[in-house]
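Here is the structure we will look at.
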Protein chains: 2
Amino acid sequence: MLRLSKRVEYGLVALQFLAKRGQATGQSAATVREISDECNVPYDLLAKIMQELKRDGLISSFQGVRGGYALMMAPSQISLTRIVNALEKETSITECTSTSDECCHREGVCTIKGPMHAFQGAMEQLMSSMTVAQLL
Amino acid sequence: MLRLSKRVEYGLVALQFLAKRGQATGQSAATVREISDECNVPYDLLAKIMQELKRDGLISSFQGVRGGYALMMAPSQISLTRIVNALEKETSITECTSTSDECCHREGVCTIKGPMHAFQGAMEQLMSSMTVAQLL
DNA sequence: ACGATACAGGACTGAAAGAGTCCGATTTGC
DNA sequence: GCAAATCGGACTCTTTCAGTCCTGTATCGT
């Protein structure tokens, strides 16, 4: 459907929330519960997303009471490409442009592979130009 | 998954096929069977796709024996946006940017709607710049 | 020490979309 | 009339996605 997954959408909302808090207080830390409540996003799902963002190094976590998550970098440094890569396994626009798969089933006959690679590059460039800073 | 559907992929392949034939012979007409066989694309599915492309005015059809499909415009005039619009119901990158839906469930609280609209516009511009002519 | 709070992470369900198939109807050239 | 082709509905199967549930682990405050 050519749509961003809810995971990415919620990830954007959460990162925006952290960035806003950082703007206001200098400290961007917040708990999943806070973000979930204020942004109206399902708690359990968001918890998973935050874990993945942490694994990718976009945010850091603090365990225990008074714990939470905080940004690891400036909002202007967090691109949409980065978020998508953190939250989605497959990021290629077609099977043909995937690095893991063996192109499409039209192997050797795939006549759109080249142009699709070019398009994929343009898409990635576009997504790289969009950052969390633009959500503030 | 942010991936073009197979429908769009096959549509591109088919339009490319017609365009190539037009380049070679001056006449771009071809049957579904021809395209299906030569491009290694499932016949029944492609048949549906061609019907939709016709409904959208991208190609014309000729019924009966010696029938088939032919391009209705120059390959350089057929953009990816046009193809996607013809073959997919929903084209918005998020729920928030959809015209039909009532934004997302975070109504009134959706903090990313504005920026997402801007991004959607950039995406559409990118897709408009890619045409069938670039597949030749 | 203990309990409340918060992250860590696996397993599971239900709904929706996608890809592909099958079947029948209609049109038309030879 | 027959064969080849577009039309078009209905259907199945698989995969992905969103969301939930449950258990474990860390840590702060009292």
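Order of the sequence lines fixes the chain letters, A, B, ..., with proteins taken first and strands second; residue numbering starts at 1 for each chain. Below, each value reflects all heavy atoms present in this structure, side chains not excepted, and no hydrogens, waters or symmetry copies.
Counting only heavy atoms from C-beta on, A:Gln51 has its side chain closest to C:dA8 among C:dA8, C:dT21, D:dG19. Checked against C:dC22, D:dA18, D:dC7, the side chain of B:Ser61 finds its nearest nucleotide in D:dC7. Of the candidates D:dA5, D:dA18, C:dT21, the closest approach to any side-chain atom of B:Thr31 belongs to D:dA5. Which of C:dT21, D:dG8, D:dT6 sits closest to the side chain of B:Tyr43 comes down to D:dT6. Side-chain proximity of A:Met1 to C:dG18, D:dC28, D:dT20: nearest is C:dG18. In the set D:dT20, C:dA19, C:dG9, the nucleotide with an atom closest to the side chain of B:Leu45 is C:dA19.
Listed pair A:Lys54 / C:dA8 meets the phosphate criterion, a side-chain N or O lying under 4.0 Å from OP1 or OP2.
Inspection of the B:Gln16 and A:Thr111 side chains reveals an N or O donor paired with an N or O acceptor under 3.5 Å. Neither side chain, B:Gln77 nor B:Thr131, offers a donor N or O lying under 3.5 Å from an acceptor on the other.
Heavy-atom nearest nucleotides on DNA chain D were determined for A:Lys6 and for A:Phe62, and the one closer to the 5' end corresponds to A:Lys6. Comparing B:Glu88 and A:Gln63 against DNA chain C, the residue whose closest nucleotide sits nearer the 5' end is A:Gln63. Residue order along DNA chain C, read from the 5' end via each residue's closest nucleotide, puts A:Val65 first among A:Val65 and A:Val32. Position along DNA chain D of the nearest nucleotide to A:Tyr10 versus B:Asp44 favours B:Asp44 as the more 5'-ward residue.
The residues B:Arg55 and B:Glu52 are annotated as not salt-bridged, no charged nitrogen and carboxylate oxygen being separated by less than 4.0 angstrom. Between B:Arg3 and A:Glu90 there is a salt bridge, since a side-chain N of the basic residue sits under 4.0 Å from a carboxylate O of the acidic one.
Taking only distance into account, the side chain of B:Lys48 meets the base of D:dG9 through a donor-acceptor pair shorter than 3.5 Å.
Looking at heavy-atom distances under 4.0 Å, A:Arg33 makes no contact with the nucleic acid at all.
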